[in-house]
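Handing you a structure now.
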Amino acid sequence: QVQLVESGGGLVQAGGSLRLSCAASGRTFSSYAMGWFRQAPGKEREFVAALSRSGINTYYDDSVKGRFTISRDNAKNTVYLQMNSLKLEDTAVYYCAAAPASGYYRVVVHTTEYDYWGQGTQVTVSS
């Protein structure tokens, strides 16, 4: 069982930056591949970024590639999403998620493979 709590959301102007954090409970955090997803009003939840258990392998949606960086600190049971050059279309509720992963270097992209989800944190980008 893993409980996830996101923080760091807020209101930011276009072009600005935010760093989201996701704190995980439990002592098996390093056993999970991690991901960030987002959901804008009236839209389905969509994949943003994924990170392997090792913290080495990453995968990003094309819409955020080069602007967002996912990372983790297994000693702190925390995964981060650094968001730079924010755009209006990045406005959404951002969720972190954890997926049991047997492979140390495997990234998990599909929503259905994630077993645990946080409650979400709102990110609003203004013009």
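Position 1 is the first residue of the sequence; numbering continues from there. Values below: every heavy atom of this structure, side chains too, minus hydrogens, waters and symmetry copies. Quick caveat: nothing in here was measured; it's all calculated off a predicted structure.
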Measure the CD-OG distance between Glu89 and Ser63 for me, rounded to the nearest 0.5 Å.
8.5 Å
For residues Tyr114 and Ala50, report the shortest heavy-atom separation together with the two atoms involved.
OH-CB, 3.9 Å
Thr124 versus Gln122, side-chain donor and acceptor atoms under 3.5 Å
yes
Apply side-chain contact (heavy atoms from CB on, under 4.5 Å) to Val48 and Asp61, showing your working.
CA-CA 5 Å; Val48 175; Asp61 184 78; 5.6 Å; no
In short, Gln39 meets Lys43 closest at the heavy-atom pair NE2-O, 3.1 Å
Could you tell me the separation between the CG atom of Leu4 and the CD atom of Gln119, rounded to the nearest 0.5 Å?
9.0 Å
With sequence neighbours excluded, what pairs up with Tyr116 under the ring-ring contact (aromatic ring centres under 6.0 Å, His included) test?
Tyr32
Shortest non-hydrogen contact from Val79 to Ser71?
CG2-O, 3.1 Å
Cation-pi check for Tyr60 against Arg67: NZ or CZ below 6.0 Å from the six-membered ring centre and within 45 degrees of the axis, yes or no?
no
Is the cationic atom of Arg53 (NZ for Lys, CZ for Arg) positioned less than 6.0 Å from the six-membered ring centroid of Tyr105 and within 45 degrees of its normal?
no
Please report the closest heavy-atom contact between Asp73 and Tyr80, naming both atoms and the distance.
CB-CE1, 4.1 Å
Charged N to carboxylate O under 4.0 angstrom, Asp62 versus Lys65?
yes
Any chance you could measure Ile70, atom CD1, to Asn57, atom CG, to the nearest 0.5 Å?
11.5 Å
CD1 of Ile56 to OH of Tyr104, rounded to nearest 0.5 Å, is 6.5 Å
Can you give the donor-acceptor pairs under 3.5 Å from side chains of residues 9-25 to other protein atoms, not counting sequence neighbours?
residue	atom	partner	partner atom	Å
Ser17	OG	Asn84	OD1	2.9
Ser25	OG	Gln3	N	3.0

Return the minimal non-hydrogen interatomic distance between Val93 and Gly120, and the atom names on each side.
CG1-CA, 3.8 Å
Does Gln82 reach the side chain of Phe68, with side-chain heavy atoms less than 4.5 Å apart?
no
State, without any angle test, whether Tyr94 and Arg38 hold a side-chain donor-acceptor pair at a distance under 3.5 Å.
yes
Determine the minimum heavy-atom distance between Arg106 and Val108, stating which atoms define it.
NH1-CG2, 3.6 Å
Go through Trp117 and Phe37 one step at a time and tell me if the ring pair (Phe, Tyr, Trp, His ring centres under 6.0 Å) criterion holds.
CA-CA 10 Å; Trp117 295 82; Phe37 294 76; 4.9 Å; yes
Nearest-0.5 Å distance, CG of residue Asp115 to CD of residue Gln1
9.5 Å
Start with the C-alpha distance between Phe47 and Trp36, add both sets of side-chain angles, then the distance that settles side-chain contact (heavy atoms from CB on, under 4.5 Å), and finish with yes or no.
CA-CA 7 Å; Phe47 169 79; Trp36 285 94; over 6 Å; no
Met83 vs Val123 side-chain heavy atoms within contact, under 4.5 Å
yes
Any side-chain heavy atom of Leu51 within less than 4.5 Å of one from Thr58?
yes
Between Phe29 and Arg72, is the side-chain contact (heavy atoms from CB on, under 4.5 Å) condition met? List the steps.
CA-CA 10 Å; Phe29 177 69; Arg72 68 190 295 163; 3.4 Å; yes
I'd like to check the side chain to side chain donor-acceptor pair (under 3.5 Å) partners of Ser52; sequence neighbours left out, ordered by chain and number.
Ser54
